[in-house]
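So the structure is just underneath, and the comments pick up after that.
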Amino acid sequence: TFVEIGIFSGGSLKMWKNYFGQNAQIIGIDINSDCKKFEDKENNIFVEIGNQSDPNFWKSFFHKFGNVDVVLDDGGHTNLDQIMTTVNVVQHINDGGVLIVEDTHTSYVDEYNSSKKYSFINFSKKIVDDINSNIELDLDIKFNFSLKKYIYSVSFYESIVCFNINKSETKKNVKVINE
């Protein structure tokens, strides 16, 4: 199951279907209700209309579709959109799956409500600290919110951040003592 947030003219839905094959379920999400016309249920292509920054939308979405394998966020590009999507989807991605967030350069653009302190890039860098604090030491690292039980690794590319999901690999590391 592949989910694309931000489908605009709908062409990518058929491209993803062709890429992943006949058995793939492709789900597009957009805030524009006109995008519903790109739905093709006969070919297992669905379109959901909703706001990616709304936790209630995500709750309803996953209640309807269940867990997914890949989420590609090419939606609103604001810090809020990207952060809220990450917070609301990672626990619903199957092990071995991935959340790909595109256009992360918007963290540095005022037009997208950018704040250096609260940008998506800073949020993502905090996740690196979070997943590396998964060790049995008395570290003075406290997080009010954590995704480390879902995210196994994070990869940064030019304008893209990928969160690799594998709950079975996010085990707590034990303290190693040299004698």
Side-chain angles (χ1 to χ4, degrees), residues 1-107 112 120-121 123-124 127-128 130-131 147-170:
T1 300
F2 177 88
V3 179
E4 180 177 25
I5 304 164
I7 58 174
F8 188 55
S9 62
S12 60
L13 298 175
K14 289 183 180 179
M15 180 210 53
W16 291 120
K17 181 64 174 182
N18 186 52
Y19 179 79
F20 287 112
Q22 187 173 359
N23 295 328
Q25 176 175 243
I26 308 299
I27 307 166
I29 296 173
D30 207 284
I31 199 164
N32 182 353
S33 61
D34 291 341
C35 290
K36 193 71 172 170
K37 67 185 176 191
F38 302 119
E39 190 166 71
D40 182 0
K41 291 181 181 179
E42 288 181 22
N43 288 305
N44 220 14
I45 298 174
F46 303 92
V47 174
E48 294 294 307
I49 305 302
N51 184 339
Q52 74 182 99
S53 292
D54 181 359
N56 291 320
F57 166 76
W58 288 114
K59 184 177 180 181
S60 175
F61 176 87
F62 288 112
H63 179 75
K64 181 176 181 177
F65 290 101
N67 284 2
V68 300
D69 299 299
V70 178
V71 176
L72 175 65
D73 180 358
D74 191 18
H77 306 314
T78 69
N79 292 319
L80 180 64
D81 289 335
Q82 293 171 337
I83 292 169
M84 290 299 289
T85 296
T86 302
V87 166
N88 284 284
V89 306
V90 295
Q91 67 265 29
H92 299 287
I93 297 175
N94 293 321
D95 281 355
V98 64
L99 166 62
I100 305 160
V101 182
E102 292 187 351
D103 299 320
T104 58
H105 64 276
T106 58
S107 284
Y112 295 94
F120 177 74
I121 290 296
F123 171 83
S124 301
I127 289 176
V128 172
D130 186 21
I131 63 176
L147 294 172
K148 68 183 169 190
K149 65 182 177 181
Y150 308 106
I151 298 173
Y152 178 65
S153 67
V154 182
S155 300
F156 291 85
Y157 303 93
E158 183 181 337
S159 202
I160 294 174
V161 176
C162 297
F163 298 98
N164 299 296
I165 310 303
N166 196 328
K167 295 171 259 329
S168 65
E169 294 293 326
T170 60

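Every heavy atom of this structure was used, including side-chain atoms; hydrogens, water molecules and symmetry mates were not.
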Fill in: Interatomic distance, Leu147 atom CG to Ser124 atom OG [nearest 0.5 angstrom]
10.0 Å
Practice prompt. Determine whether Ile26 and Phe20 make a side-chain contact, defined as any pair of heavy atoms from C-beta on separated by less than 4.5 Å.
Written response: yes
Fill in: Atom NZ of Lys36: over 12 foreign heavy atoms under 6.0 Å
yes
Item to complete: Over all heavy atoms of both residues, which pair between Gln52 and Met84 is shortest? Give the atoms and the distance, please.
Response: O-CB, 4.0 Å
Discussion item. Using the rule given for side chain to side chain contact (heavy atoms under 4.5 Å, CB included), can you reason through Val3 versus Phe65, listing the C-alpha separation, both sets of side-chain angles and the distance that settles it, and then say yes or no?
Written reply: CA-CA 10 Å; Val3 179; Phe65 290 101; over 6 Å; no
Worksheet entry | Check against side chain to side chain contact (heavy atoms under 4.5 Å, CB included), Ile5 and Asp81 | CA-CA 10 Å; Ile5 304 164; Asp81 289 335; over 6 Å; no
Worksheet item: Of all heavy-atom pairs between His77 and Glu102, which one has the smallest distance, and what is that distance?
Response: ND1-O, 4.1 Å
Practice prompt. Would you please name every residue forming a side-chain hydrogen bond (donor to acceptor under 3.5 Å, both in side chains) with Asn51, sequence neighbours left out?
Written response: none
Worksheet item: Any side-chain heavy-atom pair from Ile127 and Val161 closer than 4.5 angstrom?
Response: no
Worksheet item: Any side-chain heavy atom of Ile151 sitting closer than 4.5 Å to one from Ile165?
Response: yes
Discussion item. Around atom CZ of Phe156, are there more than 12 heavy atoms from other residues, nucleotides or ligands closer than 6.0 Å?
Written reply: yes
Practice prompt. Return yes if some donor-acceptor pair links the side-chain N/O of Asp69 with the main-chain N/O of Gly97 below 3.5 Å, else return no.
Written response: no
Worksheet item: Could you state the interatomic distance from OG (Ser53) to CD1 (Ile31), rounded to the nearest 0.5 Å?
Response: 8.0 Å
Practice prompt. Please answer whether the main-chain N or O of Tyr112 pairs with a side-chain N or O of Thr106 as donor and acceptor at a distance below 3.5 Å.
Written response: no
Response to the item:
All heavy atoms of Cys162 vs all of Val98, minimum pair found to be CB-CG2, 4.1 Å
Item to complete: Taking all non-hydrogen atoms of both residues into account, name the closest pair between Asn94 and Asn67 and its distance.
Response: OD1-CB, 3.2 Å
Practice prompt. Please answer whether the main-chain N or O of Phe120 pairs with a side-chain N or O of Ser107 as donor and acceptor at a distance below 3.5 Å.
Written response: yes
Discussion item. Using modelled atom types and a 3.5 Å cut-off, is there a donor and acceptor pairing between side-chain atoms of Lys17 and backbone atoms of Ile45?
Written reply: no
Worksheet item: Is there side-chain contact between Tyr152 and Ser168, with heavy atoms separated by less than 4.5 Å?
Response: no
Worksheet, complete the sentence: For Gly50 and Ile29, the nearest pair of non-hydrogen atoms, with its separation, is O-CG2, 4.3 Å
Practice prompt. Could you tell me the separation between the CD atom of Gln22 and the CG atom of Asn44, rounded to the nearest 0.5 Å?
Written response: 9.5 Å
Worksheet, complete the sentence: Nearest heavy-atom contact between Ser153 and Ile131 is CA-CD1, 4.0 Å
Worksheet item: Taking atom CG of Asp74 and atom CD of Glu4, what is their separation to the nearest 0.5 Å?
Response: 6.0 Å
Discussion item. What verdict does the side chain to side chain contact (heavy atoms under 4.5 Å, CB included) test give for Glu169 and Asn164, after you've listed the backbone C-alpha separation in whole Å, the side-chain angles of each residue and the deciding distance to 0.1 Å?
Written reply: CA-CA 11 Å; Glu169 294 293 326; Asn164 299 296; over 6 Å; no
Worksheet item: Is the closest side-chain heavy-atom distance between Phe38 and Asp30 below 4.5 Å?
Response: no
Discussion item. Test side chain to side chain contact (heavy atoms under 4.5 Å, CB included) on Trp16 and Leu72; report intermediate values, then the result.
Written reply: CA-CA 11 Å; Trp16 291 120; Leu72 175 65; 3.8 Å; yes
Practice prompt. Please list, chain by chain and in numerical order, all residues satisfying side-chain contact (heavy atoms from CB on, under 4.5 Å) with Phe62, sequence neighbours excluded.
Written response: Trp58, Val68, Val89, His92
Item to complete: Calculate, to the nearest 0.5 Å, the distance between atoms CG and CG belonging to Asn18 and Leu13 respectively.
Response: 12.5 Å
Discussion item. Any non-hydrogen side-chain atom of Phe61 less than 4.5 Å from a side-chain atom of Ile27?
Written reply: yes
Worksheet item: How many angstroms lie between CG in Asp130 and NZ in Lys148, if you round to the nearest 0.5 Å?
Response: 5.5 Å
